[in-house]
Amino acid sequence: MEQNIIPPVTQPVQSSEEIDLMDLIRKLWVKRRFIISVTTIFLLLGLFIALISPVSYTASCTVVPQSGEGKSGGLSGVAAMMGVNLGSSAMTEGTLSPHIYPEIVKSAPFTLEIMQTPIVTKRSNGKEITLYEYYTNKEYQDKNILGNIKKYTFGLPFVILGSLRNSSPEETAFTTDSGTIYVLNEEEKEVYKVIQNALQVYLNPKEGYVSLSYSFPEAKPAAVITDNLYRTLEKYVATFKSEKLEDNLQFVEESFESARKDFLQAQARLAAFQDANRGLATATARSTEMRLQSEFNISFSVYSELAKQREQARIAVKENQTILTLVNPTVVPHEKSAPRRSIIILGFFMLGIITAFAWVLGIPYVEEIFSNIKGN
């Protein structure tokens with residue numbers, strides 16, 4: 001007699017992923033009050049930081065540097081004829097590459113000039129002060145609660161070390177055989193850091209323009225400082241170009257005088273030979289005349305070309321061309337660039353949620369690890 005074997009009923013087994021996910025959701029739900037409390041604390045902290053963060057306005061301008069490429073082929077050719085190799089970029093009318101602009105802006109002499117920018121702030125009561133005076137005199141600045149908190153918490157060791165240092169020499173620069181060496185005192189170093197953090201130089205080599213910007217707690221001074229950045233940079237580039245043009249002119253003048261002497265000597269030798277050998281009866285005489293004539297032609301070509309280049313160099317020195325073309329002038333900003341309060345609040349809100357979740361889900365594993373260590 002056959003017996004019907006009924007297979008056992010299999011219960012659906014939930015995957016470990018589903019069990020773990022439900023377990024995590026259950027843990028979070030149980031600790032929902034703790035999560036809400038932690039998130040609220042972080043949200044309030046973000047709101048506090050957003051409200052006390054210093055206000056900043058950013059002004060900017062855009063300039064297009066002039067290029068001096070392709071204007072020195074004649075002089076390079078003449079120099080090559082004379083055995084002098086100027087290189088491919090030595091004679092570009094002294095035009096400074098825009099890639100060097102950020103290094104100029106970072107330099108000590110440039111920053112020292114920017115420190116002397118005259119501005120008028122709300123706390124100066126209409127009095128014109130320098131940017132250096134603003135950054136070194138607290139009476140011209142608004143109270144920065146967040147900055148003071150950072151200074152006397154995270155920055156307290158640096159404050160103590162700064163107070164223990166000896167005072168710096170009052171001398172700001174001295175001259176050596178190799179050039180001028182600058183010495184910044186402690187206040188100038190601090191102002192230098194603040195200015196470098198506040199300004200930005202953006203170079204777009206593809207489009208061929210340079211953007212300058214400066215951030216300041218007030219809108220109008222920010223525009224004034226940005227405009228002075230542009231004018232000071234233009235002065236530095238123009239000075240470099242002027243020095244290069246002067247060097248080029250001096251080189252051309254010296255080369256011209258040398259070529260002139262060679263030309264006159266070649267001319268005198270050819271004339272003397274022709275006067276002494278009017279008949280040119282022999283082949284040797286004709287050969288000598290051809291050689292002297294060839295030397296005369298070469299010296300005359302060099303002399304003539306250098307005469308043209310000398311006039312061009314003189315005109316270039318006298319010309320007052322614009323080095324940086326201002327295509328987007330500085331405008332007083334109307335909107336604050338910082339703080340971005342919505343982003344700060346949203347960031348602290350997300351940080352609060354992540355911190356609460358990590359605490360709720362991570363503490364049991366940490367306790368388990370410590371208990372296993374103690375058990376062993």
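Along the sequence shown, the residues carry numbers beginning at 1. Both backbone and side-chain heavy atoms feed into the values below; hydrogens, waters and symmetry mates do not.
Put simply, Leu45 and Ile354 are part of two different groups of oily side chains (I, L, V, M, F, W, Y) that touch within less than 4.5 Å, one to the next. Under the 4.5 Å side-chain heavy-atom criterion for grouping Ile, Leu, Val, Met, Phe, Trp and Tyr, Val30 is not connected to Val360 through any hydrophobic cluster. Tyr134 and Val55 end up in different hydrophobic clusters when Ile, Leu, Val, Met, Phe, Trp and Tyr side chains are linked at under 4.5 Å. Hydrophobic cluster membership is shared by Met350 and Leu47, with clusters built from Ile, Leu, Val, Met, Phe, Trp and Tyr side chains linked at under 4.5 angstrom. Note on Phe357: it clusters hydrophobically with Phe34, by side-chain heavy-atom contacts below 4.5 Å among ILVMFWY residues.
A cation-pi arrangement is present between Arg310 and Phe256 under the rule of less than 6.0 angstrom and at most 45 degrees off the ring axis. Cation-pi geometry between Arg32 and Trp29 is met: the NZ or CZ atom falls under 6.0 Å from the ring centre, inside 45° of the normal.
At least one donor-acceptor pair closer than 3.5 Å links the side chain of Gln196 to the backbone N or O of Val105. When atom types are taken as modelled, the side chain of Asp227 and the backbone of Ala223 share no donor-acceptor pair closer than 3.5 angstrom. With hydrogens and angles disregarded, no donor-acceptor distance shorter than 3.5 Å links the side chain of Ser304 to the backbone of Ser301. In this structure a side-chain-to-backbone donor-acceptor pair under 3.5 Å is missing from Ser299 to Ala266. Checked by atom type and distance alone, the side chain of Ser53 pairs as donor or acceptor with a backbone atom of Ile49 at under 3.5 Å. Proximity of a side-chain donor or acceptor of Glu257 to a complementary backbone N or O of Glu254 within less than 3.5 Å is not detected.
Counting all heavy atoms, side chain and backbone alike, Val252 lies closest to Gln309 at CG1-C, 3.9 Å. Across Leu306 and Ser255, no two heavy atoms sit closer than the pair CD1-O, 3.4 Å. Scanning both residues, Thr226 and Leu212, for their nearest heavy atoms gives CG2-O, 3.8 Å. Minimum heavy-atom separation, Gly352 to Val38: O-CG1, 3.8 Å. Considering all non-hydrogen atoms of both residues, Pro109 and Tyr182 come closest at CB-OH, 3.5 Å. Closest of all the heavy-atom pairs between Thr121 and Pro221 is CG2-CG, 4.4 Å.
The shortest side-chain heavy-atom distance between Val237 and Leu233 falls under the 4.5 Å cut-off. Taking the side chain as every heavy atom from C-beta outward, Ile119 and Thr130 never approach each other to under 4.5 Å. Side-chain contact between Phe349 and Ile353 is present, with at least one heavy-atom pair separated by less than 4.5 Å. Side-chain contact between Arg341 and Lys336: present, with at least one pair of heavy atoms (C-beta onward) separated by less than 4.5 Å. When side chains are defined from C-beta on, Tyr132 counts as touching Glu187, because their heavy atoms get closer than 4.5 Å. Inter-residue side-chain proximity for Ile114 and Asn228 is flagged as met; some heavy-atom pair is nearer than 4.5 Å. Looking at heavy atoms from C-beta onward, Tyr230 lies out of side-chain contact with Thr330 at the 4.5 angstrom threshold. Taking the side chain as every heavy atom from C-beta outward, Thr40 and Ser37 never approach each other to under 4.5 Å.
From Phe296, atom CZ reaches atom CD1 of Ile298 across 12.0 Å, with rounding to the nearest 0.5 Å. Phe48 contributes atom CZ, which lies 12.0 Å from atom CD1 of Ile344 (distance to the nearest 0.5 angstrom). To the nearest 0.5 Å, the span separating OH on Tyr57 from OG on Ser215 amounts to 12.5 Å. Put simply, CZ on Phe216 and CD1 on Ile195 are 10.0 Å apart, with the number rounded to the nearest 0.5 Å. Taking CZ from Phe42 and OG1 from Thr355, the interatomic distance works out to 4.0 Å, rounded to the nearest 0.5 Å. Residue Leu326 holds its CG atom at 8.0 Å from CZ of Arg231, rounded to the nearest 0.5 Å.
Two rings, from Phe263 and Phe300, have their centers less than 6.0 Å apart.
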Between Glu190 and Tyr135, does the side chain to side chain contact (heavy atoms under 4.5 Å, CB included) criterion hold? Intermediate values first, please.
CA-CA 9 Å; Glu190 293 300 321; Tyr135 285 128; over 6 Å; no

Where do Glu139 and Arg123 land on the side chain to side chain contact (heavy atoms under 4.5 Å, CB included) test, with the steps shown first?
CA-CA 7 Å; Glu139 68 174 299; Arg123 285 181 169 264; over 6 Å; no

Quick one: do Arg314 and Glu311 satisfy salt bridge (Lys or Arg N to Asp or Glu O under 4.0 Å)? Show the steps, please.
CA-CA 5 Å; Arg314 287 178 175 178; Glu311 294 304 316; 3.6 Å; yes

Step by step, would you call Tyr236 with Glu113 a side-chain hydrogen bond (donor to acceptor under 3.5 Å, both in side chains)?
CA-CA 11 Å; Tyr236 270 70; Glu113 288 199 37; 3.1 Å; yes

Salt bridge (Lys or Arg N to Asp or Glu O under 4.0 Å) assessment of Lys127 paired with Glu133
CA-CA 12 Å; Lys127 175 186 174 183; Glu133 290 175 329; 5.9 Å; no

Decide yes or no on side-chain hydrogen bond (donor to acceptor under 3.5 Å, both in side chains) for Ser213 and Ser60, but give the supporting numbers first.
CA-CA 4 Å; Ser213 63; Ser60 63; over 6 Å; no

Please determine whether side chain to side chain contact (heavy atoms under 4.5 Å, CB included) holds for the pair Leu43 and Phe348, giving the CA-CA distance in whole Å, both sets of side-chain angles, and the decisive distance to 0.1 Å.
CA-CA 6 Å; Leu43 186 62; Phe348 271 88; 5.9 Å; no

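Scored by the ring pair (Phe, Tyr, Trp, His ring centres under 6.0 Å) test, Tyr192 finds no partners at all (sequence neighbours excluded). By the salt bridge (charged side-chain N to carboxylate O under 4.0 Å, His left out) test, Glu295 is found to be paired with Arg269, Arg291, residues two or more places apart in sequence or in another chain being considered. Applying the side chain to side chain contact (heavy atoms under 4.5 Å, CB included) test to Pro98 and every residue at least two apart in sequence or in another chain returns Pro65, Tyr101, Leu203, Val210.
The 12-atom threshold is not exceeded at NZ of Lys106, counting heavy atoms of other residues, nucleotides or ligands nearer than 6.0 Å.
A side-chain hydrogen bond (donor to acceptor under 3.5 Å, both in side chains) with Tyr209 holds for exactly one of Thr62, Asn204, Asn328; it is Asn204.
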